[in-house]
Asks: 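A single structure is presented below for examination.
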Amino acid sequence: MAERSYLSIGQVVNLLRGTYPDLSNSKIRFLEDEGLITPHRTPKGYRQYSMDDVERLEVILHLQKTRYMPLNVIKQRLESADDLHTLAYEVGLLSDVPMKTQPKETKQKLHPLEDVPDLLGVSISFVRSLAQNDLVRIIKSPKNRELIDGSDFEIIRYCDELSRFHIEPRNLRQYVVSANRESTMFEQVLVGMLGLDDSDEDRSAKLERAFKKLHDLTDGLHTALLKGRVFESLNAVVKDADVDSIDDELARAEATRESKRNAGDAASRTESTNRTGTLTDAPISQEATSSRRTSRVVKRAR
């Protein structure tokens with residue numbers, strides 16, 4: 001799984017203020033004090049909100065705004081809920097509960113376009129907008145009926161969720177271009193991966209496993225690159241002032257290493273000089289000793 005993304009408290013306010021104009025930093029902190037929401041904290045104590053935190057906060061605000069529920073009742077409702085998405089649907093925040101699984105026959109079936117609102121909780125105009133931007137296909141039957149492939153249901157649901165963040169189908173056209181470009185690379189790599197797999201599993205299972213492995217790697221890379229660009233654009237990575245301080249710190253560290261290196265060289269030269277002196281004195285000392293011995297032998301001879 002890619003590294004988890006978080007929003008600051010200010011970003012959360014900006015995200016939800018369109019629907020809840022009276023939302024403020026202090027109100028979110030108050031809800032935290034009341035135990036309704038628990039954001040992640042950085043080592044320095046800054047609040048960070050995951051998308052699950054944002055969804056939970058949105059349910060709280062929706063219940064306050066539309067049901068006029070007191071906070072203690074909302075807290076009980078949240079604690080007793082098995083699933084946040086289901087609760088959001090029950091209180092009217094979502095038009096439909098996202099399907100966690102789809103039967104195989106549903107994915108492989110063609111559905112009349114007019115049935116899609118009941119199946120997925122989205123409007124026909126929304127599906128048409130997706131088709132206009134090449135995100136899904138509307139298939140025409142021989143009798144000119146408009147049909148939707150069940151395998152596109154997942155795409156429709158993702159796009160519906162993204163629309164809650166004011167991301168429209170036309171904004172998603174870039175992902176179609178990216179998918180078209182990447183599919184060629186995936187096909188080439190998967191052919192090679194499948195060729196190395198000699199297990200007895202059917203081809204569909206092999207393909208699914210190989211695709212997931214390749215997708216996890218490329219998705220992790222894409223997420224890291226995208227996060228880097230976004231955070232850099234929002235001045236949340238490294239600022240110019242940080243670069244200057246890093247330069248100063250590295251310069252000091254380099255000067256310290258140079259000083260230690262010079263001190264070590266000086267110590268090495270001193271030690272070398274001392275060793276040379278000792279070696280030079282040794283023969284002189286031996287010669288003097290030999291001379292004294294010769295002198296004693298001459299005296300005895302006399």
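Since the model is a prediction, treat every value here as computed from it, not as a measurement.
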Asks: Do the non-hydrogen side-chain atoms of Lys213 and Leu217 ever get within less than 4.5 Å of each other?
Replies: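 They are in contact (side-chain heavy atoms under 4.5 Å apart), so the answer is yes.
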
Asks: Kindly give the heavy-atom pair with the smallest separation between Leu7 and Gln11, and that separation in Å.
Replies: CA-OE1, 3.3 Å

Asks: Ignoring hydrogens and angles, tell me if any N or O in the side chain of Thr66 forms a donor-acceptor pair with the backbone of His62 under 3.5 Å.
Replies: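 It does hold such a pair.
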
Asks: Flag the pair Ile124 / Leu113 as yes when at least one side-chain heavy-atom distance between them is below 4.5 Å, and no otherwise.
Replies: yes

Asks: Give me the atom names and distance for the closest heavy-atom approach of Phe126 to Ser163.
Replies: CE1-CB, 4.3 Å

Asks: Is any side-chain heavy atom of Leu162 closer than 4.5 Å to one of Leu172?
Replies: yes

Asks: I'd like to know if Arg173 pairs up with Asp134 as an ion pair, taking the criterion as any Lys NZ or Arg NE/NH1/NH2 lying under 4.0 Å from an Asp or Glu carboxylate oxygen.
Replies: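 Judged by the 4.0 Å cut-off on N to carboxylate O distance, Arg173 and Asp134 do form a salt bridge.
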
Asks: Before you tell me yes or no, could you show the steps for Leu130 and Ile155 under side chain to side chain contact (heavy atoms under 4.5 Å, CB included), namely the whole-Å CA-CA distance, both residues' side-chain angles and the distance that decides it to 0.1 Å?
Replies: CA-CA 9 Å; Leu130 296 178; Ile155 296 174; 5.6 Å; no

Asks: Say whether, by atom type as modelled, one donor and one acceptor occur between the side chain of Ser129 and the main chain of Ser125 under 3.5 angstrom.
Replies: no

Asks: Please tell me whether Phe211 and Phe186 form a close aromatic pair, meaning their ring centres lie under 6.0 Å apart.
Replies: yes

Asks: Let me see the working for Arg29 and Asn25 under side chain to side chain contact (heavy atoms under 4.5 Å, CB included), right down to the final yes or no.
Replies: CA-CA 6 Å; Arg29 285 193 286 264; Asn25 293 14; 3.8 Å; yes

Asks: Step by step, work out the side-chain hydrogen bond (donor to acceptor under 3.5 Å, both in side chains) result for Ser80 and Gln76.
Replies: CA-CA 6 Å; Ser80 61; Gln76 292 173 3; over 6 Å; no

Asks: Yes or no on side-chain hydrogen bond (donor to acceptor under 3.5 Å, both in side chains) for Asp53 and Ser50, after CA distance, side-chain angles and deciding distance?
Replies: CA-CA 5 Å; Asp53 294 328; Ser50 67; 3.2 Å; yes

Asks: Looking only at heavy atoms, which two atoms of Ile37 and Ile28 are closest? And how far apart?
Replies: CG2-O, 4.3 Å

Asks: Can you give me the closest heavy-atom contact between Ile138 and Glu146, atom names plus distance?
Replies: CG2-CB, 3.7 Å

Asks: Are Tyr6 and His40 close enough, and set up right, to give a ring pair (Phe, Tyr, Trp, His ring centres under 6.0 Å), and what steps lead you there?
Replies: CA-CA 9 Å; Tyr6 291 99; His40 174 75; 4.9 Å; yes

Asks: Salt bridge check, Asp22 against Lys27: does any charged N sit closer than 4.0 Å to a carboxylate O?
Replies: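 Salt bridge flag = yes for Asp22 with Lys27.
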
Asks: Is it the case that the side chain of Asn180 and the backbone of Val176 share a donor-acceptor pair, with hydrogens and angles ignored and the cut-off at 3.5 Å?
Replies: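 Between the backbone of Val176 and the side chain of Asn180 there is a qualifying donor-acceptor contact (under 3.5 Å).
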
Asks: Regarding Gln188 and Thr184, is there a side-chain donor-to-acceptor distance under 3.5 Å anywhere?
Replies: no

Asks: Could you report the tightest heavy-atom contact between Ile139 and Leu110, atom names first, then the distance?
Replies: CD1-CD2, 3.7 Å

Asks: Do Arg257 and Glu254 make a side-chain contact, defined as non-hydrogen atoms from C-beta onward lying under 4.5 Å apart?
Replies: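 When only atoms from C-beta onward are counted, Glu254 and Arg257 do touch, with a gap below 4.5 Å.
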
Asks: Do His111 and Phe153 make the cut of ring centroids closer than 6.0 angstrom?
Replies: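 Between Phe153 and His111, which both carry aromatic rings, the centre distance is below 6.0 Å.
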
Asks: Would you mind checking if Glu79 and Arg56 are paired as a salt bridge, meaning a charged N to carboxylate O distance below 4.0 Å?
Replies: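 No.
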
